[in-house]
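Structure first, then comments.
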Amino acid sequence: MAKILIVEDEADLAKLVRNWLEREHHLVEVAESGIDALTHLQVNRFDVVILDLMLPELSGMEVCRRYRQALGKTPILMLTAKDTVEDKEAGLDAGADDYLTKPFHLKELSARVRALVRRGSNQPNVTLQFRDIVIDVNEFSVTKAGVEVHLLPKEFRLLEFLVRHPNHVFSAEELLSSVWESDTPALLDTVRGHIKRLRKKLDTPGEVSIIATVYGIGYKIEID
Ligand code: CA
């Protein structure tokens, strides 16, 4: 499960790819132009950017170059209708991590996205564990003491995010921008509500909560 930015001006294709990736439990946002993409990248953290080469005004190549110049680290998968060695090399020189030629199979896109998420992640393991909780990122499942716990997609994503950044305190605002799509009307109360439900589902009665509250600052998961 990853947070993905699609940069594509062809609305039908953007919608097709978005729907496909959402069915695979990813969080997806769409930018329709290069400028729009750079704005998204300034404001939000993404795991992968799917960047079309042919965009109005600012080309995908230029977006890539500017983003890397600004020290943006998110892996970039570049899409293009052109299939020449020169274009591929130019894309990789501009800072793209991988390259896919249109038309492509959606399953091929998924495989490339998965590979880039693994590459961009500090913890390549698809299984995350702390205390008696095991998170299987590929299977989209969570167990506590060996018993499966049902989490809603955003609860899962929030838990995964906190566990992937152990001992780091995040404000509700930071969690909102990291876990939720920026075009949804989620509020800080939504974040607090999700934290509360995660605690209810995963805390052990009589023990300290799995998610620590740092008063006046935010939340963290402590892992030794
Ligand atoms: Ca295009």
Side-chain angles (χ1 to χ4, degrees), residues 1-122 124 157 161 164-165 173-174 176-186:
M1 189 171 180
K3 189 164 177 179
I4 299 169
L5 178 64
I6 299 170
V7 189
E8 171 62 270
D9 57 312
E10 290 162 57
D12 289 348
L13 180 59
K15 193 177 170 195
L16 181 77
V17 172
R18 178 184 195 148
N19 290 343
W20 170 263
L21 292 171
E22 282 179 346
R23 269 201 296 276
E24 296 196 321
H25 303 298
H26 297 300
L27 294 174
V28 182
E29 291 186 25
V30 174
E32 291 170 4
S33 74
I35 297 292
D36 191 17
L38 289 171
T39 306
H40 270 77
L41 286 164
Q42 270 171 8
V43 177
N44 281 289
R45 189 198 61 83
F46 293 92
D47 297 304
V48 172
V49 180
I50 298 172
L51 178 62
D52 188 42
L53 190 61
M54 304 292 273
L55 295 168
E57 294 165 26
L58 206 57
S59 75
M61 202 75 84
E62 191 55 30
V63 171
C64 194
R65 200 172 287 125
R66 289 192 194 181
Y67 178 61
R68 291 298 187 229
Q69 271 170 2
L71 303 180
K73 297 267 194 294
T74 302
I76 294 175
L77 173 63
M78 208 174 259
L79 301 181
T80 181
K82 299 177 187 174
D83 187 16
T84 68
V85 175
E86 289 76 19
D87 279 320
K88 181 173 178 175
E89 281 177 355
L92 297 177
D93 282 348
D97 298 86
D98 199 1
Y99 196 90
L100 196 56
T101 307
K102 292 178 179 177
F104 50 82
H105 288 285
L106 288 168
K107 283 186 176 174
E108 174 67 14
L109 180 77
S110 298
R112 302 292 185 95
V113 165
R114 274 199 302 278
L116 289 177
V117 170
R118 278 199 297 274
R119 196 190 299 181
S121 163
N122 294 329
R157 174 67 181 149
F161 180 80
R164 281 192 188 277
H165 303 87
E173 287 88 346
E174 287 170 325
L176 192 61
S177 75
S178 298
V179 177
W180 274 262
E181 296 92 342
S182 53
D183 56 357
T184 57

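Owing to the predicted nature of the structure, the values given are computational and were not obtained by experimental measurement.
- Considering every non-hydrogen atom in both A96 and C64, the closest pair reads N-SG, 3.4 Å.
- Side-chain contact between L38 and Y67 is present, with heavy atoms from C-beta onward closer than 4.5 Å.
- Between the side chain of R18 and the backbone N or O of I6, no donor-acceptor pair lies under 3.5 Å.
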Stepwise side chain to side chain contact (heavy atoms under 4.5 Å, CB included) check, W20 with H26: CA-CA 9 Å; W20 170 263; H26 297 300; over 6 Å; no

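- No more than 12 heavy atoms of other residues, nucleotides or ligands lie within 6.0 Å of CD in E32, so this atom counts as exposed by the packing criterion.
- Checking side-chain atoms of D47 against main-chain N and O of K3 turns up a donor-acceptor pair under 3.5 Å.
- Atom CZ of R45 and atom OG of S177 lie 8.5 Å apart (nearest 0.5 Å).
- A 4.5 Å side-chain heavy-atom check between R112 and F104 finds every atom pair outside the cut-off.
- Put simply, CG on L5 and OG1 on T74 are 9.0 Å apart, with the number rounded to the nearest 0.5 Å.
- Taking CG of N44 as the reference point, atom CG of L27 lies at 11.0 Å (rounded to 0.5 Å).
- Applying the side-chain hydrogen bond (donor to acceptor under 3.5 Å, both in side chains) test to R68 and every residue at least two apart in sequence or in another chain returns D97.
- Screening residues 52-61 for side-chain hydrogen bond (donor to acceptor under 3.5 Å, both in side chains) gives D52-K102 as the qualifying pairs, with residues at least two apart or on separate chains.
- With values rounded to the nearest 0.5 angstrom, T80 atom OG1 is found 4.5 Å from Y99 atom OH.
- Atom OG of S33 is separated from atom CG of D9 by 8.5 Å, given to the nearest 0.5 angstrom.
- Among all heavy-atom pairs drawn from M78 and G60, the shortest one is CE-O, 3.9 Å.
- The minimum heavy-atom distance between G34 and V63, with the atom names listed, is CA-CG2, 3.4 Å.
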Worked check of side chain to side chain contact (heavy atoms under 4.5 Å, CB included) between V17 and L109: CA-CA 9 Å; V17 172; L109 180 77; 3.6 Å; yes

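- Residues S178 and R157 share a closest heavy-atom pair of O-NH2, 3.8 Å.
- Proximity of L21 to I50: side-chain heavy atoms (C-beta onward) are separated by under 4.5 Å at one or more points.
- Between atom CD of residue E8 and atom CG of residue L51 there is a gap of 9.5 Å, rounded to the nearest 0.5 Å.
- L16 pairs by the side-chain contact (heavy atoms from CB on, under 4.5 Å) definition with L13, L106, not counting sequence neighbours.
- Scanning all heavy atoms of the two residues, the minimum distance from V49 to V7 falls at CG1-CG2, 4.0 Å.
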